[in-house]
Protein chains: 2
Amino acid sequence: MISQRAKYALRALSMLARSNAGTPVQIPDIAEEQKIPKKFLEQIMLDLKRAGLVESRRGKQGGYLLQRPASEITYGEVLRLIDGPIAPLPCLSITAYKRCEDCRGESDCELRHVFARVADETRAVLFSTSLADAIAMPSNTCEPVERRSND
Amino acid sequence: MISQRAKYALRALSMLARSNAGTPVQIPDIAEEQKIPKKFLEQIMLDLKRAGLVESRRGKQGGYLLQRPASEITYGEVLRLIDGPIAPLPCLSITAYKRCEDCRGESDCELRHVFARVADETRAVLFSTSLADAIAMPSNTCEPVERRSND
DNA sequence: ACGTTATCTATTGATTTTGTAGATTTTATG
DNA sequence: CATAAAATCTACAAAATCAATAGATAACGT
């Protein structure tokens, strides 16, 4: 499960992506439309700014804008920033690699082999999907949400 | 990231799967070999038992055995049992579906569309990989851990 | 100068995670 | 039957994480 924070971040960024006009979007507006606690959102936007995803303008007519085109900000990038490593095991993370202390031999760790595949698939989706892609999807992809027999 | 608990559970089950002989494996042995806190492991094994994954024998010569063949216990099943839903969003979980209160319209929620793909891919791997599969993998799959440019 | 907006720092409460501790029950075996 | 070895059960606790709140400060446009 991704964190609430990550959901908020992605939804906020989506709003910025939609409001392309070059005019900043303000926190109170995002908070209201997306039902996000205002002060909480402030912190999140700050994180996004420090990471270089958005830029801010202060004072009247201020607010936030994407720093890059929406097509060049991926879900993976955002998710990693907010929730940390994408990989399901520390020893599979690229940005925060850490050996599992209790695990002898990564090359014959079964867990690692299995979850390496999960990590690969997950990254393939998340880093190939940009904010722009996501916005373009819904209308097209509307087959009645195909469900397999598993979670 | 999967929980420590889940790692322990999977490693313990792996030991049971390997020790096929029909002779029970005991908690102290698992705990020592896998470096798992013994009392913590006890709780985990109880969960696995209650869920019908393993059976137990008490008293001397007691211990735990798989209740089904190792080829019929999947990583997905174990992970869901221990860590909860596989899906990254409550509204994508099959076993614990929950509407996102702050989200209007699931069919046009961008987050949902993107993470639905993640969920599908993840489940495809986890539910198609059994304990037996995982044990069989390591020796074969030993190309020097292919890494993409992303986490 | 004024109000509006982002920025910063600190703190709180709830929940989850990761364990510990100790008493109890069951069972094989001598 | 007595004993020791094993699982079982219940409760608790420390630490970390998450979600959110509070209040003061700095920058900017008009």
Side-chain angles (χ1 to χ4, degrees), chain A residues 1-12 16 23-32 34-67 79 81-85 88 90 96 98 100-102, chain B residues 1-12 16 23-32 34-51 53-67 79 81-85 88-90 96 98 100-102:
Chain A
M1 291 276 179
I2 72 175
S3 69
Q4 193 66 30
R5 217 180 153 84
K7 284 191 233 170
Y8 289 161
L10 286 167
R11 292 221 298 256
L16 301 196
T23 66
V25 182
Q26 298 174 350
I27 284 191
D29 293 340
I30 304 177
E32 190 193 14
Q34 302 292 337
K35 296 177 193 160
I36 305 174
K38 195 181 134 208
K39 292 300 258 181
F40 197 22
L41 180 58
E42 284 181 11
Q43 291 179 357
I44 296 169
M45 295 312 291
L46 270 210
D47 285 344
L48 297 178
K49 189 199 168 186
R50 293 198 190 100
L53 291 187
V54 303
E55 63 183 275
S56 65
R57 304 228 179 110
R58 291 173 122 174
K60 230 167 189 174
Q61 318 296 350
Y64 287 92
L65 312 93
L66 295 186
Q67 205 163 40
L79 208 62
L81 172 68
I82 302 290
D83 276 358
K98 184 154 178 300
C100 301
E101 333 69 37
D102 47 3
Chain B
M1 291 276 179
I2 71 175
S3 71
Q4 194 65 30
R5 219 178 151 86
K7 284 191 234 173
Y8 291 160
L10 286 168
R11 292 221 299 258
L16 300 197
T23 67
V25 183
Q26 298 172 351
I27 284 191
D29 294 341
I30 304 176
E32 189 192 14
Q34 302 292 337
K35 296 176 192 160
I36 304 174
K38 194 181 133 208
K39 292 299 257 180
F40 197 21
L41 180 57
E42 284 181 10
Q43 293 178 357
I44 296 169
M45 295 312 290
L46 270 209
D47 285 344
L48 296 178
K49 190 199 167 186
R50 295 198 189 101
L53 291 187
V54 302
E55 62 184 275
S56 65
R57 304 229 178 108
R58 291 173 119 174
K60 235 171 186 172
Q61 316 298 350
Y64 286 92
L65 311 94
L66 295 186
Q67 205 163 40
L79 209 62
L81 173 67
I82 303 290
D83 276 358
L89 292 175
K98 182 154 180 300
C100 301
E101 335 65 40
D102 46 4

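In what follows, chains are A, B, ... by sequence order, proteins preceding strands, each numbered from 1. As a basis for the values below, the full set of heavy atoms in this structure was taken, side chains included, without hydrogen atoms, waters or symmetry mates.
Of all the heavy atoms in B/A12 and B/L41, the pair that sits closest is CB-CD1, 4.1 Å. Pairing each heavy atom of B/L79 with each of B/A6, the nearest pair is CD1-CB, 3.8 Å. Counting all heavy atoms, side chain and backbone alike, B/A9 lies closest to B/I44 at CB-CG2, 3.7 Å. Counting all heavy atoms, side chain and backbone alike, A/P90 lies closest to B/M1 at N-SD, 3.6 Å.
With a cutoff of under 4.0 Å to any heavy atom of chain B, the contacted region of DNA chain D is bounded 5' to 3' by D/dA5 to D/dA11.
With B/I27 as the partner, the side chain to side chain contact (heavy atoms under 4.5 Å, CB included) test is satisfied by one option alone out of B/K39, B/E32, B/E42: B/E42.
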Pairs of donor and acceptor atoms involving the side chains of residues 49-66 of chain A, under 3.5 Å and at least two apart or interchain, shall be tabulated with distances.
unit_1	atom_1	unit_2	atom_2	d
A/K49	NZ	A/S56	OG	3.4
A/R50	NH1	A/D47	OD1	3.4

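Scanning DNA chain C for stems, defined as runs of 3 or more consecutive Watson-Crick or G-U wobble pairs whose donor-acceptor distances all fall under 3.5 Å, gives the following ranges: C:1-30 with D:1-30.
Put simply, the side chain of B/L16 reaches to within 4.5 Å of the side chain of B/M45, judged on heavy atoms. Looking at B/K35 and A/E101, their side chains never come closer than 4.5 Å, going by heavy atoms from C-beta outward. The closest side-chain heavy-atom distance from B/Q26 to B/D29 is below 4.5 Å. The shortest distance between side-chain heavy atoms of B/D102 and A/Q4 falls below 4.5 Å. Side-chain contact between B/K7 and B/I36: absent, with no pair of heavy atoms (C-beta onward) separated by less than 4.5 Å.
When the nearest nucleotides of DNA chain D are assigned to A/D83 and B/Y64 by heavy-atom distance, the more 5′-ward of the two goes with B/Y64. Position along DNA chain D of the nearest nucleotide to A/S3 versus A/K39 favours A/S3 as the more 5'-ward residue.
Regarding B/I27, its CD1 atom lies at a distance of 15 Å from the C1' atom of C/dG19, rounded to whole Å. Atoms CD (A/Q4) and P (C/dT15) sit 14 Å apart, rounded to a whole Å.
The side chain of A/S56 contributes an N or O atom lying less than 4.0 Å from OP1 or OP2 of C/dT7. Note on B/Y8: a side-chain N or O is less than 4.0 Å away from OP1 or OP2 of C/dG19.
Listed by residue number, B/Q43 are the residues of residues 41-50 of chain B with a heavy-atom contact under 4.0 Å to DNA chain C.
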Practice problem: Report, as a single string ordered 5' to 3', how protein heavy atoms within less than 4.0 Å touch nucleotides 24-30 of chain C: B base, S sugar-phosphate only, - not at all. | Solution: -BBBSS-

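Atoms CZ and CG, from A/R5 and A/L81 in turn, are 9.0 Å apart once rounded to the nearest 0.5 Å.
Residues that satisfy the side chain to side chain donor-acceptor pair (under 3.5 Å) test with A/S3, not counting sequence neighbours, are A/D83.
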